[in-house]
Amino acid sequence: MIRITFPDGSVKTYRNGITSLEIAEEISPKLAGEVYAATVNGVVVDLSRPVTADATLKLHKWEDEPARHAFWHSSAHLMAEALESLYPGIKFGIGPAIENGFYYDVDPGDGRVIVEDDLRKIEDRMKELATKNQPIIRKEVSKKEAIEFYKAKGDEYKTELINELEDGTITLYSQGDFTDLCRGPHLPSTGPIKAIKVLSLAGAYWRGNEKNKMLTRVYGISFPKKKMLDDYLVLLEEAKKRDHRRIGKELELFTFSPKVGMGLPLWQPKGSEIRQNLINFLTGVLHKKGYKMVTTPHIGNVNLYKTSGHFEKYGQDSFRPISTPQEGEQFMLKPMNCPHHCEIYNATPHSYKDLPFRMAEFGTVYRYEQSGELHGLTRVRSFTQDDAHHFCRPDQLREEFKSIIDLVLYVFKILNFNDFTAQISLRDPDDKEKYIGSDENWEKAEQDIIVAAREKNLETIVVPGEAAFYGPKLDFIVKDAIGRKWQLGTIQVDYNLPERFDLTYNGSDNQKHRPVMIHRAIFGSLERFVAVLIENTAGKFPLWLAPEKAVILPISEKFNDYALNVLETLNNSDICTLIDDRSEKIGKKIRDNELKRIPYLLIIGEKETADNTISVRKQGEGDRGSMKIQEFIDLIRSEISKELEY
RNA sequence: GCCGAUGUAGCUCAGUUGGUCAGAGCAGCUGAUUUGUAAUCUGCAGGUCGGGGGUUCGAAUCCCUUCAUCGGCUCCA
């Protein structure tokens, strides 16, 4: 007999070799139908694995990530089985569970292609196979056996993977006629996979390497119940309605023109208004925090970027240098502001007493992103960073870094960005060639970030290989409407550019010392930030950001003059920008989609309304009664200042 | 850049196997109406069917090419 300890601390004895699924069944048959994986002694395993010693046990229902993971991973195998029966001889890459669903990378072989019209067919076959409720069987094999199996099958991808695995750790999982190399864990059988949707196709390089062959990636998602799948698909549709590209068009915030060029956003008046509101807000904050604003040109001599190291690193893949009539003179569109800022630093001598020097600029930069990578406002070729550089003494670095964390959190809080990930992005230890600077400096910089984040009690994840080429960073990452991740704010410690630009300050010892540089952006870029803002708010911006704060609605032509009068007063108030006036449209039902997104309705000429007043209504909140124009202006002022209160 | 898909009026879309197939709704403009938040009535105007080339007696429809967009991959200073 063995003793099983449950998460609530209770202990029960079972016969040796019992499976987690059987334990679940003993507790209740209903439970057995709802669990998909188990954690035994801290390791997630198949429900069908026998437990052969005293152990702690947690059974995972759908709500637990390990359950979904096993479910979707088994679904990926099911899809592979379907693919193999539909495309005999198809070769398999990898087929993992992902955050939402699963995929399988496959090579259909000899000139065959899988196209979108085939997805239905794959889905139907999966459903057909699932109803057979085949048991999924785990088998430990030797490396030799595994390699022979896949050699016989002619699957070079799996063979390559096995070659890198250690003997004794290799397992195969089979259901029906299909066998796959896999670590597991899996469902005990394919039966629970009731609702399946094969979603999309994509190309994906084998092992993520651009030089390798491109495989076909088939994405899918599955659930234990049809209702769950339906709900998920509805959720996806709803999310698509919040897509900033869609709302941006509806609200006339920004546009793109092939004539101007791909990836070059054109801000329309209302979008510009939002952008400007953000700039004004942040500029105010920066002044209080001791930043000095600077302004630098959009181009720089190519030598500037040779000094910074950017040219060597990115010159070939960037916009080409601009040649001038002058022999040998070349300029580049600036891909970042730091080199310019370094030269501003260099323009004046600095005392240790004057540091830190905080220099900020809303700097527009230009980067040649690959055509297929452009995406609405979140990935563009021209964007404006809310960039700043802190030049400080080494002993000030940590406090300075921490104060920036505070600043980011403050701005995110004002904007209700609660759902973000703080990511410490370090150097890839296996590929140091990608980076400039000494190991010593990198060590120092990475430690600075880790310690500062810890001292701020910031919950972080650490990701090697995501650093900038000149230094490690702390990135703030948010998700868009359909779950894609985007980096917004970033704080980067840099010991390298100060050396390259020979930045110095005079110490108390009257010697020259090297300052440390912190690069930081809070929004990241206004383009990306506005995109995320649009998706977070579904276009219903807080009052202080709203491009149109009110719409004027005279109830009849008689009141047109008065409406115009109100319009003029409001426009002169410096608080109500771009007031929408519907005087000319009297008699037409106001049915603009966008109207719902304008916070205040000002009704003019209502019968109980006395002269010189307007009836004020707030969207979603109802009547505010009638008031004088000035009272309304004060109302908006106070609401905005309330929104901006910390 | 790579894999797959898409491109018809300002927007959302119809256009059956190539032969009155250049259409509808909304938006716009005309009149009428005056009713307070997703839809009042009338009339009008809007498109070389993304661009270019080809096949054909005939192309929105088939082929090639190019531009752009979408879903991913790679990349992301």
Side-chain angles (χ1 to χ4, degrees), chain A residues 103 105 108 113-119 199-219 240 243 245-246 249-250 252 255-263 305 308-311 313-315 317-318 334-339 365-376 378-381 383 385 387 425 434 436 466-471 473 475 482 484 486-487 490 492 494 497 519 521 525 528 551 553-559 582 585-596 598 601-607 615 617 619-620 622-623:
Chain A
Y103 67 79
D105 283 349
V113 284
I114 301 175
V115 294
E116 231 157 67
D117 288 343
D118 300 332
L119 297 185
L199 292 166
S200 61
L201 280 176
Y205 299 105
W206 168 235
R207 317 210 80 177
N209 189 327
E210 207 173 357
K211 295 187 181 70
N212 287 342
K213 179 164 182 178
M214 180 160 267
L215 305 179
T216 304
R217 178 168 294 179
V218 190
Y219 283 92
K240 280 184 191 155
D243 191 309
R245 291 166 296 188
R246 180 194 178 117
K249 183 177 256 177
E250 276 175 18
E252 298 173 8
T255 187
F256 291 90
S257 151
K259 278 205 184 86
V260 174
M262 60 164 86
Y305 303 104
S308 69
H310 289 106
F311 187 78
K313 186 77 189 156
Y314 297 104
D317 303 319
S318 196
K334 75 173 166 185
M336 74 292 304
N337 307 298
C338 353
V365 298
Y366 303 87
R367 299 177 184 180
Y368 183 80
E369 305 291 353
Q370 290 190 96
S371 59
E373 191 43 54
L374 299 173
H375 183 97
T378 48
R379 193 78 187 274
V380 287
R381 286 178 167 174
F383 57 94
Q385 298 178 309
D387 207 0
S425 304
K434 276 164 64 179
I436 59 169
E466 287 290 306
F469 79 98
Y470 49 77
K473 44 186 193 154
D475 293 326
I482 62 170
R484 278 179 291 234
W486 299 101
Q487 178 201 309
T490 179
Q492 315 174 354
D494 183 5
L497 286 190
H519 308 244
S525 78
R528 188 175 283 179
V551 54
L553 298 168
I555 63 169
S556 78
E557 264 170 36
K558 280 193 294 194
F559 299 97
R582 299 294 163 120
K585 302 186 185 178
I586 287 169
K588 300 204 169 197
K589 283 274 182 189
I590 293 158
R591 54 200 158 191
D592 292 347
N593 213 339
E594 79 208 66
L595 185 61
K596 289 267 175 194
I598 301 177
L601 306 181
L602 309 179
I603 311 224
I604 299 202
E606 214 159 27
K607 54 179 185 283
S615 297
R617 212 154 298 200
Q619 299 272 18
D623 216 329

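Order of the sequence lines sets the chain letters (A, B, ...), proteins ahead of strands, with each chain counted from 1. Here the structure is a predicted model, which means the values were calculated and not measured. These numbers come from the heavy atoms of this one structure, side chains and all, not from hydrogens, waters or symmetry mates.
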Practice item. Take the angle between the ring planes of A:W486 and A:H375 and call it parallel below 30°, perpendicular above 60°, tilted in between. Key: tilted
**Study point:** Same-atom distance (C1') from B:A60 to B:A22, integer angstrom
**Key:** 8 Å
Study note, to complete from the structure: Heavy-atom nearest pair, A:K240 first then A:R246, reads O-CD, 3.7 Å
Check your understanding: Rounded to whole angstroms, how far apart are CD on A:E250 and C1' on B:A27?
Key -> 13 Å
Review point. What distance, rounded to whole Å, do you find between the two C1' atoms, one in B:U65 and one in B:G25?
Key: 35 Å
Review point. Under the 3.5 angstrom rule, does the side chain of A:R381 hit a backbone N or O of A:E369 as a donor-acceptor pair?
Key: yes
Point to revise | Nucleotide B:G72, atom C1' - distance to OH of A:Y103 in whole Å | key: 11 Å
Exercise for review: Taking only the side-chain nitrogens and oxygens of A:R484, find out if one of them lies under 4.0 Å from OP1 or OP2 of B:G72.
Suggested key: yes
Review point. Is there side-chain contact between A:V113 and A:T216, with heavy atoms separated by less than 4.5 Å?
Key: no
Check your understanding: So which one's nearest nucleotide on RNA chain B is more toward 5', A:D243 or A:Y470?
Key -> A:D243
Revision key, fill the gap. Here the distance between atom C1' of B:C76 and atom CZ of A:R528, to the nearest Å, is 8 Å
Review point. Are any of A:Y205's side-chain N or O atoms less than 4.0 Å away from OP1 or OP2 of B:C73?
Key: no
Review point. So what's B:U42 paired with, Watson-Crick or G-U wobble, going by both distances under 3.5 Å?
Key: none
Review point. Base, sugar-phosphate, or nothing: which does A:G372 touch, judged by heavy atoms less than 4.0 Å apart?
Key: base
**Study point:** Per A:R367 side chain, nearest of listed nucleotides B:C73, B:A77, B:G71
**Key:** B:A77
Check your understanding: Counting side-chain heavy atoms from C-beta on, which of B:C70, B:C76, B:A77 comes nearest to A:E369?
Key -> B:C76
Check your understanding: Atom CD of A:Q487 to atom C1' of B:A77: distance rounded to whole Å?
Key -> 10 Å
Point to revise | Below 4.0 Å: OP1/OP2 of B:C76 and any side-chain N or O of A:H375 | key: no
**Study point:** Span that lies between the P atom of B:U61 and that of B:U6, in whole angstrom
**Key:** 14 Å
Exercise for review: Could you measure between the two P atoms, the one in B:G58 and the one in B:G53, and give it in whole Å?
Suggested key: 15 Å
Review point. Expressed as a whole number of Å, how far does the P atom of B:U66 sit from that of B:G4?
Key: 15 Å
Exercise for review: Identify the nucleotide, in any strand shown, that forms a Watson-Crick or G-U wobble pair with B:G25, with both distances under 3.5 Å; if there is none, say none.
Suggested key: B:C11
Exercise for review: Kindly give the heavy-atom pair with the smallest separation between A:S308 and A:I436, and that separation in Å.
Suggested key: O-CD1, 4.1 Å
Point to revise | Atom-pair distance (CD on A:Q385; C1' on B:A77), nearest Å | key: 8 Å
Point to revise | Heavy-atom pair of closest approach, residues A:S371 and A:M262 | key: CB-SD, 3.8 Å
Review point. Of all the choices, B:G72, B:A68, B:G71, which nucleotide is nearest to the side chain of A:M262 once you look at every atom?
Key: B:A68
**Study point:** Between B:G23 and B:A9 - P atom distance, rounded Å
**Key:** 14 Å
Review point. Are A:R379 and B:C75 close enough that a side-chain N or O sits under 4.0 Å from OP1 or OP2?
Key: no
Point to revise | Phosphate OP1/OP2 of B:G1: any A:S371 side-chain N/O under 4.0 Å | key: yes
Review point. Can you name the nearest heavy-atom pair linking A:V380 to A:G263, along with the distance?
Key: CB-O, 3.3 Å
Practice item. Determine if the base of B:G46 is syn or anti; take syn to mean the glycosidic torsion is within 90° of 0. Key: syn
Point to revise | Interatomic distance, A:L601 CG vs B:A38 P [rounded to whole Å] | key: 10 Å
Practice item. Provide the distance between the two C1' atoms, one in B:G15 and one in B:U55, to the nearest whole Å. Key: 23 Å
**Study point:** A:R217 side chain to A:A202 backbone, donor-acceptor under 3.5 Å
**Key:** no
Practice item. Tell which nucleotide pairs with B:G18, taking only Watson-Crick or G-U wobble pairs whose two distances are both under 3.5 angstrom. Key: none
Review point. Does B:A77 have A:Y314 stacked on its base, where the ring centres are within less than 5.5 Å and the planes differ by under 30°?
Key: yes
Exercise for review: Using the P atom as the reference point in each nucleotide, state the distance between B:A45 and B:C13 in Å, no decimals.
Suggested key: 26 Å
Practice item. Give a yes or no on whether the backbone of A:T378 and the side-chain of A:R528 come within a donor-acceptor separation of less than 3.5 Å. Key: yes
Practice item. Using atom CZ of A:R245 as one end and atom P of B:U12 as the other, report the distance to the nearest whole Å. Key: 13 Å
Practice item. Heavy atoms only: give me the nearest A:A467-A:K473 pair and the separation to one decimal. Key: C-CE, 4.1 Å
**Study point:** Interatomic distance, A:L119 CG vs B:G72 C1' [rounded to whole Å]
**Key:** 13 Å
Review point. 5'-most contact on RNA chain B: A:Y366 or A:Y219, nearest heavy atom basis?
Key: A:Y219
Exercise for review: Have a look at A:F256 and say if it touches a base, only the backbone sugar-phosphate, or nothing, with a 4.0 Å heavy-atom cut-off.
Suggested key: nothing
Below 3.5 Å is the cut-off: list the nitrogen or oxygen pairs between protein and nucleotides 3-8 of chain B, distance only.
from: B:C3; atom 1: O2; to: A:G203; atom 2: N; distance (Å): 2.9

Check your understanding: For B:A5, which nucleotide in any strand shown is its Watson-Crick or wobble partner with both distances under 3.5 Å?
Key -> B:U69
